[in-house]
Amino acid sequence: MNEDLHQLHCVGCGARIRGVEAGPDFRCANCGELFEVEYPGWGERKGPDRPNAGALKWLWRERRASHEEIDHSGVWRFRELLPILSSFGNVVSLREGNTPLYHLPHAAKRLGIDQIFAKHQGMNPTGSFKDTGMTAALSVAKERGFEWVACASTGNTSAAMAAYAARAGLRCLVLIPEGKIAWGKLAQAMDYGAVTCQLNTDFDGCLSLLTKIVKHAPIYLLNSVNPYRLEGQKTPAFEIAEAFDWNVPDHLIVPGGNLGNSSALGKGFREMKELGLIARMPRISVIQAEGANPLVRSFAANNGTALEPVAAHTRATAIRIGNPASWRKAVRVIQETGGYCLDVNEAEIAIAKAEIGSEGLGCEPASAVTLAGLKKLRAKGAIGSGETVVLLLTGHTLKDADYTIDFHKGTLLGAEESKGLEPELARLRHNAVVVDANEAAVLAAMKGTA
Ligand code: F0G
């Protein structure tokens, strides 16, 4: 394994550079667009570095029973498809990935769809899908000798980065929008030892400031503009394909914020298809919150050829992003797979989140846009009853307990937002009641008469 197995390819002008030549902001020097990792040896059908599909399927399964630490990672178990390090000795891992794929029987019944699954990336070590990307990019940072790493974040990236930096013995800087991230995530960054700056701006402002800082200081940028992040985040695509015995589901639905994750999953499926591991890609749809929907607007205005940033507002703070960095990559994924891009409102997100909770799983608000989006797609006839659908749940329910408690207390949504939805909301609310400390009162509470 060595660095020459990969190169970086600009998604704007098509320029190709060596990995070590990328600038500190990971933008192309010619056109300002982002790079993606490319493996030239995979091009020819019988190239010497081209992975052997059949052998790999066997090897990856075998590794699940291995005693090697690196094999316990659901990212590095697939390391033949992300040869980005000179030495695997530099891997920084918290045993991320290998996340569960759950049935959602109640949602399937309600929507009249045979098979709905949730791929729960919230079951990663720091409680979000960011861990799969962080193990990849932070290992590169360590291998290249950086002492400091940094990210702008709506919370989950910073939690993941801080944990992996602590494991690697690196220092880390976090820029977050003041008052706009969930407490659980802020608590994680503090606990893992990050230098955390809460800035009086939004996520987009934090990222733009950090982009300037990394040009003047020896800090390795770990936002998803860093193409190595996406190499880790593509691996859940491998896990999904493996779980379906390499017959991919019909439809994968993903939340859209900065649009790194949808891009990464698309890349994972695309590469598997190119290498002959799977016969086709699933349709990949991206769902945004109505108040943070620049990609939806871009499709409506110009079919995804240009994107106008918006001032973002949503209670799903993880996806409160108005100027998504990876939008061009996401457009490609949606168009090449025949997916959809749509938005859902605050009440739809809250209801979908409560429904995922009532399946015994739970997730954070941003993840619930997937089920809300599925309902809309089903209602407009875009998804048939015989299709197999996978929802990508990105964050753990405990990340944002305030949101959940406000929902169950009935204080989350305003009157206008919940207009006409009261019966549905009441059915889903399970507020904690204050009860006298005696037997009769507790029994009355069980009957709902307290
Ligand atoms: N879901 C959750 C829980 C997230 O934390 C994020 C992004 C997304 C979905 C959207 O993913 O940006 O790849 O389209 N959170 C970032 C952060 C921006 O800083 O933690 P995306």
Side-chain angles (χ1 to χ4, degrees), residues 34 119-124 126-134 137 150-163 174-177 180-182 184-186 188-189 194 196 202-207 210 221-227 229-230 232-234 236 253-267 284-289 292-296 312 314-331 333-334 341 344 349 353 356 362-373 391-400 403:
L34 297 180
K119 175 71 174 163
H120 209 324
Q121 293 299 100
M123 301 301 181
N124 269 297
T126 77
S128 88
F129 72 103
K130 304 286 183 180
D131 293 344
T132 56
M134 208 46 79
C151 72
S153 183
T154 57
N156 280 326
T157 302
S158 50
M161 178 184 77
V174 163
L175 302 189
I176 49 173
K180 295 290 188 306
I181 80 166
K185 303 174 188 181
L186 179 58
Q188 286 180 291
T196 305
D202 56 12
F203 168 83
D204 304 294
C206 290
L207 184 54
L210 185 57
L221 180 63
L222 282 176
N223 278 95
S224 57
V225 291
N226 180 324
R229 276 269 311 277
L230 304 200
Q233 279 176 218
K234 75 186 182 185
I253 303 184
V254 188
N258 215 16
L259 299 172
N261 202 33
S262 35
S263 306
L265 293 163
K267 185 174 195 281
I284 299 179
S285 293
V286 175
I287 317 294
Q288 298 196 297
N293 64 353
L295 190 67
V296 176
T314 169
R315 293 184 188 89
T317 50
I319 50 172
R320 194 172 182 275
I321 295 173
N323 189 13
S326 295
W327 69 273
R328 276 190 200 282
K329 296 183 185 179
V331 165
V333 170
I334 293 167
C341 180
V344 290
I349 297 172
K353 181 176 134 45
I356 293 168
C363 64
E364 67 164 290
S367 310
V369 300
T370 55
L371 179 59
L391 308 180
L392 208 286
L393 301 186
T394 43
H396 197 280
T397 188
L398 293 176
K399 286 278 190 175
D400 192 353
Y403 181 104

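FYI, side chains are in, hydrogens and waters are out, and symmetry mates aren't considered; it's all heavy atoms of this structure. Ligands are counted one by one from 1 in listed order, and the atoms in each one are counted from 1 as well.
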When you compare ligand 1 with [X], is there at least one nitrogen or oxygen pair between them that comes in under 3.5 angstrom?
X	answer
S158	no
A366	no
F129	no
S367	no
N258	yes
N261	yes

I'd like to check which ligand 1 atoms, numbered from 1 as shown, lie under 4.0 Å from a non-hydrogen atom of [X].
X	result
T157	16 (C), 17 (C), 19 (O), 20 (O)
E364	3 (C)
G260	13 (O), 14 (O), 21 (P)
T394	1 (N), 2 (C), 3 (C), 9 (C)
G256	14 (O)

| request: Could you tell me if any non-hydrogen atom of I321 lies under 4.0 Å from any atom of ligand 1? | output: yes
| query | Which pair of non-hydrogen atoms, one from C341 and one from I334, has the smallest distance, and what is that distance? | reply | CB-CD1, 4.0 Å
| remark: On a heavy-atom basis, the closest approach of C151 and T157 is SG-CG2, 3.8 Å
| task | Go through the steps for Q121 and N261 under the test side chain to side chain donor-acceptor pair (under 3.5 Å), then give the verdict. | result | CA-CA 11 Å; Q121 293 299 100; N261 202 33; over 6 Å; no
| query | Under 4.0 Å from ligand 1, counting heavy atoms only, is it the side chain of I319, its backbone, both or neither? | reply | side chain
| query | For ligand 1, is any non-hydrogen atom under 4.0 Å from K130's backbone (N, CA, C, O), its side chain (CB onward), both, or neither? | reply | side chain
